[in-house]
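Per chain, numbering begins at 1; letters A, B, ... match sequence-line order.
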There are 4 protein chains.
Amino acid sequence: MSVNERKSDKTKKQIIEAAGELFSTKGFDSVTMRQIAKKAGCSHTTIYLYFKDKETLLHQLSKPPLEKLYNEILKITAKDSSPQERLNLLSQTYILFGLTYKNMYRIFINTEASRVDEEEPELEINKLRLSIFAELEKVIAQRLSISKGEESLLFTRVFFYTLHGIVTTYQDSNESIDELYNRLKLTFEAAVESLLLGFQAKLDLGVG
Amino acid sequence: MSVNERKSDKTKKQIIEAAGELFSTKGFDSVTMRQIAKKAGCSHTTIYLYFKDKETLLHQLSKPPLEKLYNEILKITAKDSSPQERLNLLSQTYILFGLTYKNMYRIFINTEASRVDEEEPELEINKLRLSIFAELEKVIAQRLSISKGEESLLFTRVFFYTLHGIVTTYQDSNESIDELYNRLKLTFEAAVESLLLGFQAKLDLGVG
Amino acid sequence: MSVNERKSDKTKKQIIEAAGELFSTKGFDSVTMRQIAKKAGCSHTTIYLYFKDKETLLHQLSKPPLEKLYNEILKITAKDSSPQERLNLLSQTYILFGLTYKNMYRIFINTEASRVDEEEPELEINKLRLSIFAELEKVIAQRLSISKGEESLLFTRVFFYTLHGIVTTYQDSNESIDELYNRLKLTFEAAVESLLLGFQAKLDLGVG
Amino acid sequence: MSVNERKSDKTKKQIIEAAGELFSTKGFDSVTMRQIAKKAGCSHTTIYLYFKDKETLLHQLSKPPLEKLYNEILKITAKDSSPQERLNLLSQTYILFGLTYKNMYRIFINTEASRVDEEEPELEINKLRLSIFAELEKVIAQRLSISKGEESLLFTRVFFYTLHGIVTTYQDSNESIDELYNRLKLTFEAAVESLLLGFQAKLDLGVG
DNA sequence: TATGAATGAGCCTTCATTCAT
DNA sequence: TATGAATGAAGGCTCATTCAT
């Protein structure tokens, strides 16, 4: 039993890894079950032993990295450092995640809460998104010394647009993620800084 | 001949129109050559008379709407109104374009200048992108009363990220574009305002 | 054009023939599109040019032979010969058809009138079945010198059971149809004769 | 050992039961080994411990119900009641069996004696069929007061065709077996009666 | 005896593309 | 220019069956 368990776990893990890499790189439709199988070193039918179908595989695949992202963000927002610093770190983490796990990121963004008939993963991913958004809002509010409310919601949205815009701008770049990030690090930090300065200024003016 | 020419032009135009509508709505992979042909009122083999393959078709397809966008933006930046107003209008135009022509927008963003082996359209699209970016930079510089340079480049990038982030956030939304835009108009405007205020503040502080 | 038409017609015909033979022999599920294609001398994808899917192919396939059967029966019932003779001929025709076109016969028997959502072939096959039954009833009534009514319906049902029983008894036989029919011809004729004698006797007794 | 034996017997029995129910209802191809295993409460690989393959399983499966049918028929033919009554009862039993155990019935009919290479079940089923046929012939001969011979063979065949025709006519009906049988009981009895009357009349005329 | 793991063969279907006219 | 005919490659998926434990 324990041997089989191990073997089975190993296979499943290999499938997940293979699928993960492939999906990250190639997009849902482009990846075929046979490619995954080949990369995982098993038959394509074996995949169906562990995952109901392609869609399920992708969704199961997406949860762990997304959770990891959330946990990292949690750690960051719990830090002692200044809100500005935390915001910078959070942004960096978010951007790097988005660039690294392209398709998981896409799912993260696109998963609708709606499909209520489904088992659950959609909902969980949706929750995750909301939670991350809430963390972001929290730090932004701290940074601006305001409490959560309409203003913080507005600012968080705008902040999110920018973050998301960065990710999607470079998502299909041929440059390596490291190269890219180093090249544009200052730009990204300037973006964060500008946004916060802008929010502050807007507050000083009295928001709409 | 001239009659045939006209007829031929017409056919090509119909193909482009049909493909354009289909691609805008349904995504590259989902659209089939036969669907396009049907909508264009010709045989699917006819398409190959005018376009090497599906990819080429899509690329050639993207140019006109993109040019249209560019022209609209040109008109806006040429206006007499205040830089802020022009920036707002430009942003609105850009966002609405991105939401309306989903796939053209994707191409607009993703087309690399690199693929030198190809005929040309990549390059032209790339030029278009650069031109639009330049217009954006121009207005931003005007608004901030600075001249083009590193600072304006930085700010334009950040501004662009946000714009692009807005488009991609809502690109797969089920809401109608009108509904969506009306619902979030104020948010978008606040984003633009915040950014500019932030840039200004950053300038006042002295940019890094 | 006319050449293409011819070619196309030929291909379609070949597909129909191949599919017909295969379906007759092997049953719906056992026959694969690739087998049909191979036998028809074309690619399996070509089949989809002419038939929406496998099911449609089979149904389209079934109608013509069934119509042929009906027409043959019509001719027989319109003959001048004695009712008994016509009944014998009709039975022979029916049995031979059932043995020759196994799966068409199955469809003939099993097609339900119910599926109303479908386009039509089900309904038509159903009509055909009813029409054939009606012809049978007509001759039986003539033979027994009764008019159509409950009695003739009852007798026709019983007659039909026997006919159908003969077909299904030998449907999967390995014997060639000719051999089989010659070997059992007298038995089948005796069956028809016995039934009629029995009906007559029952009438004489008063049918309950 | 004896415990294991018992356990093993139990498993086999459970498989047979599960498979029996499934095959009766759903047809050979539609039933999967995994479905059987699930219903039997064992792994699908276990089935292969007891049965060489799916086909063998189905054949071994068919014997018990067929034997049951035979025993029931034996009881009926051994009764004191009139031949006519016994024939009616026998017919009813036969028809109900055929409608209830669809696929076993199919095997009962289709199993060829030929396949000599196989282990044996074919032969046994064939014997069973012959025995049942013999019983039928016996009662028919009694009813007609003739001795077994060419005539009785002929009549039995015809009788059998009708019985078999009834079963196969309604084999795929959606009606419940009870409903159906009650609705058509009189028709079936009329069929039996007519046949016998016909045989008698034919005898009176002098056969062939 | 029993089973979880794994697989190869095969199925229907779709699609971009080419060929011959 | 235009098209109907045809196809190869590929995809997702299912199933009976075997292997190793």
Side-chain angles (χ1 to χ4, degrees), chain A residues 1-12 29-37 41-55 57, chain B residues 1 3-5 7-12 29-37 42-50 52-55 57, chain C residues 1-12 29-37 41-55 57, chain D residues 1 3-5 7-12 29-37 42-50 52-55 57:
Chain A
M1 279 298 143
S2 99
V3 174
N4 265 349
E5 266 178 45
R6 266 183 212 145
K7 199 181 173 192
S8 152
D9 281 359
K10 199 182 157 197
T11 304
K12 185 169 185 177
D29 281 330
S30 318
V31 179
T32 75
M33 297 302 261
R34 280 170 169 88
Q35 281 171 11
I36 297 169
C42 69
S43 162
H44 65 278
T45 56
T46 302
I47 302 177
Y48 290 93
L49 253 38
Y50 299 97
F51 304 93
K52 190 176 141 278
D53 55 24
K54 206 182 167 185
E55 205 178 343
L57 170 57
Chain B
M1 276 302 142
V3 172
N4 267 348
E5 265 177 47
K7 196 185 169 193
S8 141
D9 280 0
K10 199 182 156 197
T11 304
K12 184 169 185 179
D29 281 330
S30 318
V31 179
T32 75
M33 296 302 261
R34 276 177 161 83
Q35 283 170 10
I36 296 169
C42 69
S43 162
H44 60 283
T45 54
T46 303
I47 302 177
Y48 290 91
L49 256 36
Y50 299 99
K52 189 175 141 276
D53 56 22
K54 204 182 168 187
E55 207 179 342
L57 170 58
Chain C
M1 278 300 143
S2 100
V3 173
N4 265 348
E5 265 177 46
R6 265 182 214 146
K7 198 180 173 192
S8 152
D9 281 358
K10 199 181 156 198
T11 304
K12 185 169 183 177
D29 281 330
S30 318
V31 179
T32 75
M33 296 304 259
R34 278 173 166 88
Q35 282 170 10
I36 296 170
C42 69
S43 162
H44 64 281
T45 57
T46 302
I47 302 177
Y48 290 92
L49 253 39
Y50 299 98
F51 303 93
K52 192 176 141 278
D53 55 23
K54 205 181 167 186
E55 205 179 342
L57 171 57
Chain D
M1 274 302 143
V3 173
N4 267 347
E5 263 177 48
K7 197 184 169 192
S8 140
D9 280 0
K10 199 182 157 196
T11 304
K12 185 168 184 179
D29 281 330
S30 319
V31 179
T32 75
M33 295 302 262
R34 276 177 161 82
Q35 282 170 11
I36 296 170
C42 69
S43 162
H44 60 283
T45 52
T46 303
I47 302 178
Y48 289 91
L49 256 37
Y50 298 99
K52 189 176 143 277
D53 55 23
K54 205 181 166 186
E55 208 180 340
L57 169 58

message = In whole Å, I'd like the distance from the CG atom of C:Leu57 to the C1' atom of E:dT13.
response = 14 Å

inquiry  = Could you write out DNA chain F as dot-bracket? Rules: Watson-Crick or G-U wobble, both distances under 3.5 Å, brackets [ ] for crossings, | for pairs with another strand, dot for unpaired.
reply    = .||||||||||||||||||||

task = Not counting sequence neighbours, which residues clear side chain to side chain contact (heavy atoms under 4.5 Å, CB included) with B:Thr45? List them please.
result = B:Ser43

remark   = Closest of F:dT3, F:dA6, F:dC13 to the C:Tyr50 side chain is F:dA6

request  = Specify the separation, in whole Å, of atom CD of C:Glu55 and atom C1' of E:dT13.
outcome  = 14 Å

inquiry  = From OH of B:Tyr48 over to P of F:dA6, roughly how many Å is that when rounded to an integer?
reply    = 18 Å

query = Taking CZ from A:Phe51 and P from F:dG12, how many angstroms apart are they, rounded to a whole number?
reply = 15 Å

inquiry  = Restricting to side chain to side chain contact (heavy atoms under 4.5 Å, CB included), what partner residues turn up for C:Tyr48, sequence neighbours left out?
reply    = C:Met33

inquiry  = Going by side chain to side chain donor-acceptor pair (under 3.5 Å), name the residues that satisfy it together with D:Ser30, two or more places apart in sequence or in a different chain.
reply    = none

request  = Name all residues meeting the side chain to side chain contact (heavy atoms under 4.5 Å, CB included) criterion together with D:Asp53; count only those two or more places apart in sequence or in a different chain, and write none if there are none.
outcome  = D:Glu55, D:Thr56

task = List the atom of B:Val31, the atom of B:Gln35, and the distance in Å for their closest heavy-atom pair.
result = CA-OE1, 3.6 Å

ask   = Just to confirm, is there a sub-4.0 Å distance from OP1 or OP2 of E:dT1 to any side-chain nitrogen or oxygen of D:Thr46?
value = no

request  = To the nearest 0.5 angstrom, please state how far the CD1 atom of B:Ile36 sits from the NZ atom of B:Lys54.
outcome  = 7.0 Å

Table of protein N/O atoms under 3.5 Å from nucleotides 9-11 of chain E N/O atoms:
| from | atom 1 | to | atom 2 | distance (Å) |
| --- | --- | --- | --- | --- |
| E:dG10 | O6 | A:Arg34 | NH2 | 2.9 |

ask   = D:Lys10 NZ to E:dA2 C1': how many Å, rounded?
value = 15 Å

note = Taken to the nearest whole Å, CD1/B:Ile47 to C1'/F:dT1 is 15 Å

message = Using whole Å, what does the distance between atom P of nucleotide F:dT18 and atom CG of D:Asp53 come to?
response = 8 Å

Spatial distance of atom CZ (C:Arg34) from atom CD1 (C:Ile47) [nearest 0.5 Å] = 10.0 Å

remark   = To the nearest angstrom, the CG-C1' distance between A:Leu49 and F:dT14 comes to 12 Å

